[in-house]
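Here the structure is laid out as C-alpha cells; the discussion comes afterwards.
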Amino acid sequence: MPNIGPMELIIVLVIVLLIFGPKRLPGLDRQLGSGMREFKDSISGKGGPDDEDAGEPAERRQVEAALGRPEGEQAPLEGDAARERSPR
C-alpha cells in the first residue's frame with residue numbers, strides 16, 4: 001500500500017468540499033467527532049444509559065442543522081413519504 005502524503009490529503013479534501021459544500025462541512029465535522037467519541041466511549045465502557053438522554057435535544061438540533069432542516073421541522077417518516085408519492 002502506498003504512503004499517503006500531503007498531496008493525496010489535499011485532493012481528498014477538495015473532493016469532499018466539492019461534494020458537500022462549505023456550509024455543511026462544520027456540521028459534518030461535528031457529527032464525525034461525536035460519532036467517534038460515542039464509539040470510543042462504548043468500547044471503553046464509559047457512559048451508561050443515564051448519559052444518553054442528557055444531551056439529546058442539543059444533539060438533535062446539531063443533526064438537524066447539519067442536514068439543512070429548519071429548527072423544529074420534523075423529518076418525514078418512511079410511511080408518510082411513500083403515501084405522498086402514490087396518487088390515490
Side-chain angles (χ1 to χ4, degrees):
M1 184 170 163
N3 292 333
I4 298 176
M7 192 62 176
E8 288 84 5
L9 290 175
I10 291 172
I11 292 171
V12 169
L13 289 175
V14 167
I15 292 171
V16 168
L17 182 64
L18 288 173
I19 291 174
F20 293 109
K23 291 183 180 180
R24 293 188 65 191
L25 283 182
L28 292 172
D29 187 32
R30 273 186 240 114
Q31 284 181 335
L32 180 65
S34 66
M36 290 174 62
R37 193 175 318 112
E38 287 177 14
F39 178 75
K40 185 176 80 171
D41 289 345
S42 68
I43 296 296
S44 65
K46 292 182 183 177
D50 296 336
D51 293 342
E52 291 177 4
D53 296 333
E56 186 175 332
E59 289 178 12
R60 183 172 186 92
R61 283 192 298 267
Q62 289 177 349
V63 169
E64 287 179 355
L67 291 173
R69 270 191 220 121
E71 192 170 328
E73 181 181 320
Q74 296 292 325
L77 298 175
E78 189 173 324
D80 293 339
R83 274 189 246 125
E84 290 176 9
R85 290 186 197 139
S86 62
R88 290 189 182 205

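Worth knowing before you read on, the calculation uses all heavy atoms, side chains too, and leaves out hydrogens, waters and symmetry mates.
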* **Residue pair R37, D41: steps toward the side-chain contact (heavy atoms from CB on, under 4.5 Å) verdict** => CA-CA 6 Å; R37 193 175 318 112; D41 289 345; 4.1 Å; yes
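Between E8 and G5 the shortest heavy-atom distance is OE1-N, 2.9 Å.
V14 and I4 are members of different hydrophobic clusters when ILVMFWY side chains are connected at heavy-atom separations under 4.5 Å. A continuous path of hydrophobic side-chain contacts links F20 to I11 [ILVMFWY only; heavy atoms under 4.5 Å]. L32 and L13 fall into different hydrophobic clusters, where Ile, Leu, Val, Met, Phe, Trp and Tyr side chains are chained together by heavy-atom contacts under 4.5 Å. Hydrophobic clustering places I19 together with L25 (ILVMFWY residues linked when any side-chain heavy atoms are closer than 4.5 Å, directly or through intermediates). I10 is not connected to V12 by any chain of hydrophobic side-chain contacts under 4.5 Å among Ile, Leu, Val, Met, Phe, Trp and Tyr, and they are in different clusters.
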